[in-house]
Peer 1: 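Once you've had a glance at the structure underneath, I'll fire off some questions.
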Amino acid sequence: MSDELKWYVVHTYSGYENKVKSNLEKTVENRGLQDLICDVRVPTETVTEIVEDKQKEVERKIFPGYVFVKMVYTDDTWYVVRNIRGCTGFVGPSSKPVPLTDEEVRKMGVESRVVEVSYAIGDSVRIIDGPLDNFIGTVEDLDVERNFVKVIVSMFGRETPVELELTQVELYE
């Protein structure tokens, strides 16, 4: 048994994701399990649909049939989650939950990290991580949502664009 919070994936009947989420949140509140089950999410994305020449924004589930639960895995938490109406079980072999790795959580967009950057397009930055460590370049493109920055670096006498994560560069002064 683990005593740390991790993300687990729960399989639900299709269309029951939000119902499972709200029932689980109510059960956690009623039983006082907030320190063991701290977050329940149904990842969604906003998509623009065009129907009969009209645009409308629709919120769509990214992983239909699944709910993500951040919890400490114990027999009690397993029992509570497993017995929520509409829940068919945890994702993992023989109903033994397997926690998501930090990398999986980040890639799936379940838990987003907000990175504040102190640089903008046109600023000089120093690369502080990776194979181009300590190179100085100029920011050409910046996308905080997708966590990347394009930096123009002078290499072998040529200007070369390099795509990096936001945390791999810092403002050069």
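Below, all heavy atoms of this structure are taken into account, side chains as well, without hydrogens, waters or symmetry copies.
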Peer 1: Under the criterion side-chain contact (heavy atoms from CB on, under 4.5 Å), which of V98, V10, V9 is the partner of V91?
Peer 2: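 One option only clears the test, and that one is V9.
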Peer 1: Using the six-membered ring wherever Trp is involved, compare the ring planes of Y8 and Y73 and label them parallel, tilted or perpendicular (cut-offs 30° and 60°).
Peer 2: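 Tilted, since the angle between the ring planes falls between 30° and 60°.
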Peer 1: Going by heavy atoms in the side chains, are L33 and T27 under 4.5 Å from each other?
Peer 2: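 Side-chain contact under 4.5 Å: no.
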Peer 1: Side chains of R126 and N134: closer than 4.5 Å at any heavy-atom pair?
Peer 2: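 Touching, per the 4.5 Å side-chain cut-off.
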Peer 1: Tell me, with the steps shown, if F63 and V42 meet side-chain contact (heavy atoms from CB on, under 4.5 Å).
Peer 2: CA-CA 8 Å; F63 305 106; V42 178; over 6 Å; no
Peer 1: Does D102, at its CG atom, have more than 12 non-hydrogen atoms belonging to other residues, nucleotides or ligands within less than 6.0 Å?
Peer 2: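 For D102, atom CG is not crowded (no more than 12 foreign heavy atoms under 6.0 Å).
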Peer 1: Could you tell me if the side chain of T77 sits less than 4.5 Å from the side chain of T74, heavy atoms only?
Peer 2: yes
Peer 1: Might you confirm whether atom OH of Y13 has over 12 heavy atoms from other residues, nucleotides or ligands at distances under 6.0 Å?
Peer 2: no
Peer 1: Rounded to the nearest 0.5 Å, how far apart are OG of S14 and NZ of K61?
Peer 2: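 If I round to the nearest 0.5 Å, the distance is 8.0 Å.
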Peer 1: Could you go through T88 and H11, starting from their C-alpha distance and side-chain angles, then the distance that decides it, and tell me whether this counts as side-chain contact (heavy atoms from CB on, under 4.5 Å)?
Peer 2: CA-CA 6 Å; T88 60; H11 193 263; 2.7 Å; yes
Peer 1: So, for K70 and L5, which heavy atoms are closest and what is the spacing to 0.1 Å?
Peer 2: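 So the minimum-distance heavy-atom pair works out to CE-CB, 4.1 Å.
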Peer 1: Where do I127 and D133 come nearest, in terms of heavy atoms and distance?
Peer 2: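 The pair with the smallest heavy-atom distance is O-OD1, 3.3 Å.
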Peer 1: Does any part of the side chain of I84, heavy atoms only, come nearer than 4.5 Å to the side chain of K19, both counted from C-beta?
Peer 2: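 When only atoms from C-beta onward are counted, I84 and K19 do not touch, as no gap falls below 4.5 Å.
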Peer 1: What distance do I152 atom CD1 and D141 atom CG have between them, rounded to the nearest 0.5 Å?
Peer 2: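 The distance works out to 9.5 Å.
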Peer 1: Check this for me: E29, atom CD, are more than 12 non-hydrogen atoms of other residues, nucleotides or ligands nearer than 6.0 Å?
Peer 2: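 No.
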Peer 1: How far does CG of L132 sit from CD of Q168, to the nearest 0.5 angstrom?
Peer 2: 9.0 Å
Peer 1: Looking at R41 and E17, is any side-chain nitrogen of the basic one under 4.0 Å from a carboxylate oxygen of the acidic one?
Peer 2: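 Salt bridge between E17 and R41, a charged N being under 4.0 Å from a carboxylate O: no.
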Peer 1: Determine whether L24 and V69 make a side-chain contact, defined as any pair of heavy atoms from C-beta on separated by less than 4.5 Å.
Peer 2: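 Answer yes - side chains close enough.
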Peer 1: Indicate the atoms forming the closest heavy-atom contact of V20 with G86, along with that distance.
Peer 2: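 In this case the closest contact between V20 and G86 is CG2-C, 3.8 Å.
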Peer 1: Go through V151 and T138 one step at a time and tell me if the side-chain contact (heavy atoms from CB on, under 4.5 Å) criterion holds.
Peer 2: CA-CA 5 Å; V151 179; T138 306; 5.8 Å; no
Peer 1: Using modelled atom types and a 3.5 Å cut-off, is there a donor and acceptor pairing between side-chain atoms of S154 and backbone atoms of G157?
Peer 2: no
Peer 1: Within the supplied structure, the quantity of interest is the number of heavy atoms (other residues, nucleotides, ligands) at a distance under 6.0 Å from Q55 CD; does it exceed 12?
Peer 2: no
Peer 1: Test of understanding: clusters of I, L, V, M, F, W, Y form through side-chain heavy atoms closer than 4.5 Å, transitively. Do Y79 and M71 belong to the same one?
Peer 2: yes
Peer 1: Using a 3.5 Å distance criterion without hydrogens, assess whether the side chain of N83 forms a donor-acceptor pair with backbone atoms of V80.
Peer 2: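 Checking the backbone N and O of V80 against the side chain of N83, no donor-acceptor pair under 3.5 Å is found.
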Peer 1: Is any NZ, NE, NH1 or NH2 atom of the basic residue among R60 and E45 found under 4.0 Å from an Asp or Glu carboxylate oxygen of the other?
Peer 2: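 Answer for the salt bridge query: no.
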Peer 1: Do the non-hydrogen side-chain atoms of F148 and E165 ever get within less than 4.5 Å of each other?
Peer 2: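 In short, these two side chains do not touch, never coming nearer than 4.5 Å.
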Peer 1: To the nearest 0.5 Å, what is the distance between CD (E49) and CD (E57)?
Peer 2: 10.5 Å
Peer 1: Look at the side-chain heavy atoms of Ile, Leu, Val, Met, Phe, Trp and Tyr, link any pair under 4.5 Å apart, and say whether I136 and I121 land in one connected group.
Peer 2: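 Shared cluster, no.
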Peer 1: Do K21 and E25 sit within salt-bridge range, that is, some charged N less than 4.0 Å from a carboxylate O?
Peer 2: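 Yes.
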Peer 1: Please confirm whether Y172 and Y119 have ring centers closer than 6.0 angstrom.
Peer 2: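 Ring centroids of Y172 and Y119 are no less than 6.0 Å from each other.
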Peer 1: Check P99 against K6 and note the closest heavy-atom contact, atom names and distance.
Peer 2: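 Nearest heavy atoms, P99 then K6: CB-CD, 3.6 Å.
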Peer 1: Would you check if F90 and V81 make a side-chain contact, meaning some heavy-atom pair closer than 4.5 Å?
Peer 2: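 Sidechains of V81 and F90: in contact.
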Peer 1: A side-chain contact here means heavy atoms from C-beta on lying under 4.5 Å apart; do L142 and L166 qualify?
Peer 2: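 With C-beta onward as the side chain, the pair touches.
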